[in-house]
2 protein chains.
Amino acid sequence: MFESDKPHIDNSRCDRCAVRDRTVCAVAHLAAENELARVSRTRRVPAGETILAENAEASIVGNVLAGVLRMTKTLPDGREQIVGLINPGEFFGRPYSETVEFAYEAATDVELCVMDRRSFEAVVARNPELEHELLLTTLDDLAFARERMLLLGCQNTLERVATYLLVMLEHREQLFADVALQEHKRVAVSAITRRDLASYLSTTIETISRHIHHLSRIGVIRIIDSSRFEVLAYEMLLALSGLAREDLRLFRKAPLFGRGPRLVALNGIIQSRQTPVLTSVKTRSSRIGHF
Amino acid sequence: MFESDKPHIDNSRCDRCAVRDRTVCAVAHLAAENELARVSRTRRVPAGETILAENAEASIVGNVLAGVLRMTKTLPDGREQIVGLINPGEFFGRPYSETVEFAYEAATDVELCVMDRRSFEAVVARNPELEHELLLTTLDDLAFARERMLLLGCQNTLERVATYLLVMLEHREQLFADVALQEHKRVAVSAITRRDLASYLSTTIETISRHIHHLSRIGVIRIIDSSRFEVLAYEMLLALSGLAREDLRLFRKAPLFGRGPRLVALNGIIQSRQTPVLTSVKTRSSRIGHF
DNA sequence: GCCGCGATTTGATGCGCATCAACTGGAGTG
DNA sequence: CACTCCAGTTGATGCGCATCAAATCGCGGC
């Protein structure tokens with residue numbers, strides 16, 4: 001356990017991790033980082049596969065490295081609702097519970113960083129900064145989930161489609177936060193299938209198709225292909241979503257962006273290979289004292 | 001700060017707290033308990049009053065001692081959704097954020113235990129067992145929120161009403177967990193107005209009225225008065241809700257119930273005037289050690 | 001280049017439930 | 001005791017969207 005051989009190899013895997021700065025790992029102290037590396041392994045899962053079945057044992061947790069996971073819940077008669085999508089850099093699984101309340105499935109081909117749940121919990125118990133980070137992301141997820149209740153409860157299907165496009169755009173804007181190329185920021189990209197989108201927005205593929213083409217016809221968007229849409233009239237789209245501008249704030253899901261002074265100047269782009277030395281140092285020095 | 005005068009008085013207030021064993025405070029070590037007592041105060045708020053407005057500064061957090069809070073979100077055109085109800089013993093507010101994403105309002109006359117948010121955060125930072133408990137309840141809330149997405153996205157209005165009755169029943173059964181009187185367990189009690197219920201279930205008071213009377217006509221429930229319903233055919237109600245039996249597990253919201261061995265036999269009833277002496281003792285001796 | 005199959009689009013129809021409106025009943029008031 | 005007033009009930013109507021059905025597109029395989 002305490003040999004410095006295997007861990008070191010694992011840690012180098014983390015050094016090459018594409019989403020390291022966006023995951024819960026980003027706040028881990030050196031010791032915690034090593035512990036996490038020791039209990040984690042990467043795993044590829046093709047689209048459609050189930051990672052954790054509904055009500056199954058909550059055996060593992062982890063981070064999404066690439067691709068998208070869907071969390072679903074199915075009624076006895078077969079009706080299904082996607083209750084959440086999990087993007088690269090985001091945490092998945094159900095800590096501190098024997099079973100998972102929802103199914104976790106690969107919505108696209110995915111690459112995961114997987115950990116045994118109990119091992120993860122043990123690492124968290126020894127590293128308060130991890131527990132704190134987990135709490136922060138869970139609180140954000142909760143606010144996001146409640147925002148989606150508003151979507152499902154109050155917004156009509158056109159407003160839901162408009163909102164989805166705005167959210168995709170928001171994600172895009174964050175990815176290219178410091179890139180000057182404006183055209184990237186105007187393109188909403190949907191990584192999931194139309195079927196999944198329909199389930200996520202609680203409507204049908206036919207209705208989505210109609211609304212997308214309606215938005216195209218009135219000049220609000222341009223359909224590049226079935227999964228990419230250029231937004232030509234942002235303000236119009238916002239108006240059609242029925243949302244207030246400040247509500248979009250909640251949709252900035254990338255965990256470690258825009259949340260307080262922890263990562264003051266995050267100049268690394270997710271795909272960038274630069275080692276975020278300064279960022280790490282800042283993170284460690286600005287932590288709240290636990291004991 | 002370290003004088004033992006004022007704190008002692010505050011602490012006695014906590015000793016008389018009706019919901020103490022169900023709140024986050026229940027896991028607090030003695031030192032943390034004193035710290036929480038020092039920064040908290042009770043406050044009564046009449047039904048309809050706003051405690052925290054939507055997007056307002058997240059100045060306070062706290063626990064509900066009596067009554068029900070509603071969390072709402074309103075669209076620019078006035079459409080409103082209740083995204084959560086907060087019952088006695090449950091935590092409210094938004095830690096670790098400058099603003100609240102939702103409005104917190106008194107759905108009934110309420111009694112609150114209120115704390116300055118930053119003071120609360122400071123106490124949590126010094127007491128890891130509190131942070132852990134906060135994480136556990138937040139994870140439960142998140143699962144509950146996602147379950148409600150299923151309700152809003154997949155279930156029709158009759159199924160939503162049936163589900164609500166089942167949830168009320170579930171709450172009741174927990175309150176009277178060890179009481180032999182079976183009749184209490186068969187009565188679903190709704191503390192909120194029909195208008196709030198309509199918003200919570202994302203439907204209208206007319207539709208709720210129709211379904212309630214339909215359920216009464218087919219003999220599934222008996223209408224005692226407009227807020228109390230005796231469930232005559234539990235299995236039928238479950239079938240009409242469209243849910244699987246195990247889904248109800250999620251609705252056991254009372255934070256410290258049914259989660260491990262912390263509260264083995266809670267025989268105190270919230271509304272009862274008996275002092276739950278034994279309960280308090282049991283709680284302290286059976287609490288789990290963190291760290 | 002042709003075929004076949006799934007994904008998407010477009011059209012026609014029906015139903016669930018919101019909406020509007022009228023009525024009822026009980027609690028509080030002068 | 002009539003009064004108002006609000007919560008709840010009941011009925012009539014219309015609309016949004018699911019559903020069913022058919023056409024079209026796109027793409028990999030041979």
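These numbers were taken from a predicted model, which means no experiment stands behind them. Residue numbers begin at 1 in each chain, while the letters A, B, ... track the order of the sequences. The analysis underlying the following values was restricted to heavy atoms, covering all of them including side chains, and did not include hydrogens, waters or symmetry mates.
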Integer-rounded Å distance: [N] [atom2] and [X] [atom1]:
X: Arg160(A); N: dA18(D); atom1: CZ; atom2: C1'; value: 12 Å
X: Arg194(A); N: dT10(C); atom1: CZ; atom2: C1'; value: 14 Å
X: His213(A); N: dG11(C); atom1: NE2; atom2: C1'; value: 14 Å
X: His214(A); N: dC17(D); atom1: NE2; atom2: P; value: 12 Å
X: Ile224(A); N: dT8(C); atom1: CD1; atom2: P; value: 16 Å
X: Asn156(A); N: dA18(C); atom1: CG; atom2: P; value: 14 Å
X: Ile223(B); N: dA7(D); atom1: CD1; atom2: C1'; value: 14 Å
X: Glu159(B); N: dG16(C); atom1: CD; atom2: P; value: 12 Å

Do side-chain atoms of [X] reach the backbone of [Y] as a donor and acceptor pair under 3.5 angstrom?
X: Arg79(A); Y: Cys154(B); result: yes
X: Ser241(B); Y: Leu243(B); result: yes
X: Gln81(B); Y: Ser199(B); result: yes
X: Thr23(A); Y: Asn63(A); result: no

Rounded to 10 degrees, the angle between the two terminal axes of the helix from dG1(C)-dC30(D) to dA27(C)-dT4(D), each from five pairs: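 End axes: 30° apart.
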Output a table of donor-acceptor pairs, distance under 3.5 Å, between side-chain atoms of residues 68-75 of chain A and any protein atom two or more places apart or on a different chain; print 'none' if there are none.
unit_1: Arg70(A); atom_1: NE; unit_2: Glu105(A); atom_2: OE1; d: 2.6
unit_1: Arg70(A); atom_1: NH1; unit_2: Asp196(A); atom_2: OD1; d: 3.2
unit_1: Arg70(A); atom_1: NH1; unit_2: Asp196(A); atom_2: OD2; d: 2.9
unit_1: Arg70(A); atom_1: NH2; unit_2: Glu105(A); atom_2: OE1; d: 3.2
unit_1: Lys73(A); atom_1: NZ; unit_2: Glu101(A); atom_2: O; d: 3.3
unit_1: Lys73(A); atom_1: NZ; unit_2: Glu147(B); atom_2: OE1; d: 3.0
unit_1: Lys73(A); atom_1: NZ; unit_2: Asp247(B); atom_2: OD1; d: 3.0

Hey, are [Y] and [X] close enough side-chain-wise for a donor-acceptor pair under 3.5 Å?
X: Asn55(B); Y: Arg249(A); value: yes
X: Gln155(B); Y: Thr163(B); value: yes
X: Thr138(B); Y: Asp140(B); value: no

Looking at Tyr200(A), does the NZ or CZ of Arg160(A) lie under 6.0 angstrom from its six-membered ring centre and within 45 degrees of the ring axis? no
Considering only heavy atoms, which members of residues 200-212 of chain B lie under 4.0 Å from some atom of DNA chain D?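 Of all residues in residues 200-212 of chain B, the ones placing a heavy atom under 4.0 Å from DNA chain D are Glu206(B), Ser209(B), Arg210(B).
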